[in-house]
Student: 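Just dropping this structure here.
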Amino acid sequence: MIPNVLTVAGSDSGGGAGIQADLKTMLALGVHGMSVVTAVTAQNSLGVQGAWELSVEAVRAQYRSVVDDIGVQAVKTGMLASAELVEAVAELLAETDAPAVVDPVGVSKHGDSLLAASALDSVRMKLLPVATVATPNLDEVAQLTGVRVESEEQLRRAAAAVLAYGPRWVLIKGGHLPGDAVDLLTDGTEEHWLRAPRHDNRHTHGTGCTLASAIASQLAKGRSVPEAVTAAKEYVTGAVAAGFALGEGIGPVDHGWEFRTGS
Ligand SMILES: Nc1ncnc2c1ncn2[C@@H]1O[C@H](COP(=O)(O)OP(=O)(O)O)[C@@H](O)[C@H]1O
Ligand SMILES: Cc1ncc(COP(=O)(O)O)c(N)n1
């Protein structure tokens, strides 16, 4: 049986991040990808030119259509735009018997806001508590907890601050630190350090979405959280290494890198 994985996220018209990155990742990892669109962005390699969020009703209806008939083995959330949508999605996740990977998307690589400042409290109090794995980057950690990370050793403190809001696991992504691309996965008792060489490639649009979707895909296949994150890290590292130029700015990671190897 092919596992079903659902992404609840924003559309990136440029195809490198958001829903488009999620569905490509799911295809690459051999699961059936499905989507609940929360917002539509006009976006390309230069930034986000516009964003329009959908109504709570439209988001709920998409989610129910998928979950009630088809069923899901894992869910991933990304851009949720507003406090209303964050709260509605948190409620839906709480009713769903499947692991949830929560990528608390705040700001795009270009610095465009993808989440209203008024939604931060809902992310902390409603969304993080229902996450199986939360995957904040360092900017999101600072926004959500006030903890600023400037070195690998400080990742531990960041993880503890996020875990205090109640996710089962947290993966702090150290992708924005200099040196190796090091992430810390912990549930407060176990610690797993995931280290990969930093690829000197500016075409990294979509890294976070890709990693979170890859984790959800691996969880849907029945892997444990540490196994799923380890496999997902390998996939995203390969995708960053193969990231390519597109437009005038920051190009996407290559979701299809494994198909192209040797071709
Ligand atoms: N230049 C790079 N080389 C290798 N891995 C990277 C690079 N940049 C980011 N990563 C990895 O990509 C994943 C996403 O991290 P990050 O870019 O920090 O997330 P986000 O897209 O949410 O800002 C992490 O596993 C991180 O370590
Ligand atoms: C719709 C949408 N969702 C998420 C991101 C974050 O991706 P990145 O951090 O790589 O810009 C994005 N740019 N657009």
Side-chain angles (χ1 to χ4, degrees), residues 7-23 25 35-54 76-81 85 101-115 133-144 149 152 155 158 171-185 192-215 228-243 246 249-255 257:
T7 169
V8 181
S11 164
D12 168 7
S13 53
I19 291 277
Q20 288 78 359
D22 299 337
L23 293 176
T25 299
S35 59
V36 168
V37 178
T38 57
V40 174
T41 70
Q43 187 171 176
N44 56 24
S45 72
L46 299 172
V48 178
Q49 290 81 39
W52 298 265
E53 64 189 72
L54 268 73
K76 175 254 163 173
T77 69
M79 174 184 180
L80 298 179
L85 287 179
V101 181
V102 168
D103 186 14
V105 170
V107 194
S108 84
K109 288 256 147 55
H110 292 92
D112 306 293
S113 175
L114 301 174
L115 180 74
V133 191
T135 64
N137 67 22
L138 298 183
D139 297 327
E140 291 151 1
V141 167
Q143 254 192 335
L144 291 167
V149 175
E152 265 179 56
L155 289 172
L171 176 69
I172 307 284
K173 299 176 292 192
H176 302 187
L177 286 174
D180 282 352
V182 179
D183 309 332
L184 171 60
L185 173 71
H192 302 264
W193 291 84
L194 297 115
R195 185 177 293 274
R198 168 167 306 279
H199 291 289
D200 187 16
N201 182 353
R202 68 191 286 254
H203 303 301
T204 55
H205 181 53
T207 44
C209 306
T210 301
L211 179 62
S213 296
I215 297 170
V229 172
T230 303
K233 173 77 171 172
E234 268 171 44
Y235 172 71
V236 79
T237 303
V240 172
L246 202 69
I250 301 176
V253 300
D254 183 1
H255 298 98
W257 68 276

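Start at 1 and go down the list; that is how both ligands and their atoms are numbered.
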Student: Using a heavy-atom cut-off of under 4.0 Å, does the side chain or the backbone of C209 touch ligand 2, or both, or neither?
Tutor: side chain

Student: Hey, looking at atom 12 (C) of ligand 2, which of V48, D12, L114 has the closest heavy atom?
Tutor: L114

Student: Nearest 0.5 Å, what's the CG-OG1 distance between L185 and T230?
Tutor: 7.5 Å

Student: Might you work through the salt bridge (Lys or Arg N to Asp or Glu O under 4.0 Å) test for K173 and D139, ending with a clear yes or no?
Tutor: CA-CA 10 Å; K173 299 176 292 192; D139 297 327; over 6 Å; no

Student: Backbone or side chain, does any N or O of C209 fall under 3.5 Å from an N or O of ligand 1?
Tutor: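 It does not: no N or O of C209 is found under 3.5 Å from an N or O of ligand 1.
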
Student: So, does D183 use its side chain to make a donor-acceptor pair with the main chain of G174 at under 3.5 Å?
Tutor: yes

Student: Among protein heavy atoms, which sits nearest to atom 24 (C) of ligand 1, and what does the distance come to when rounded to 0.1 Å?
Tutor: D183 OD2, 3.3 Å

Student: May I ask you to list the atoms of ligand 1 that are less than 4.0 angstrom from any heavy atom of K173?
Tutor: 14 (C), 15 (O), 18 (O), 19 (O), 20 (P), 22 (O)

Student: Would you say T237 contacts ligand 1, with heavy atoms under 4.0 Å as the rule?
Tutor: no

Student: Please write down residue, atom name and distance for the protein heavy atom closest to atom 6 (C) of ligand 1.
Tutor: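 Minimum-distance protein heavy atom for atom 6 (C) of ligand 1 reads A181 CB, 3.7 Å.
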
Student: Counting heavy atoms only, which of A17, G14, G206 is nearest atom 10 (O) of ligand 2?
Tutor: G206

Student: Which heavy atom of the protein is the closest neighbour of atom 17 (O) of ligand 1, given with residue, atom name and distance?
Tutor: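 Minimum-distance protein heavy atom for atom 17 (O) of ligand 1 reads T207 OG1, 2.9 Å.
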
Student: Atom 14 (N) of ligand 2: which protein heavy atom is closest, and how many Å away?
Tutor: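 Checking every protein heavy atom, the shortest distance to atom 14 (N) of ligand 2 gives Q43 NE2, 3.2 Å.
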
Student: Just jot down the ligand 1 atoms closer than 4.0 angstrom to any heavy atom of L211, in number order.
Tutor: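 In order of numbering, the contacting atoms are 13 (C), 24 (C), 25 (O).
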
Student: Check E140 against ligand 1 and report side chain, backbone, both or neither, counting heavy atoms closer than 4.0 Å.
Tutor: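 Neither part.
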
Student: Could you name the option among A81, A51, G18, A212 that has the heavy atom nearest to atom 2 (C) of ligand 2?
Tutor: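 Nearest option to atom 2 (C) of ligand 2, by heavy atoms: G18.
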
Student: Which of the atoms of ligand 1 are close to P197, meaning less than 4.0 Å from one of its heavy atoms?
Tutor: 3 (N), 4 (C)

Student: Considering only heavy atoms, which of E140, H110, H205, K109 lies nearest to atom 9 (O) of ligand 2?
Tutor: K109

Student: Testing I19, D22, V36 one by one against V8 for a side-chain contact (heavy atoms from CB on, under 4.5 Å), which residue passes?
Tutor: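 Single side-chain contact (heavy atoms from CB on, under 4.5 Å) partner of V8 among I19, D22, V36: V36.
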
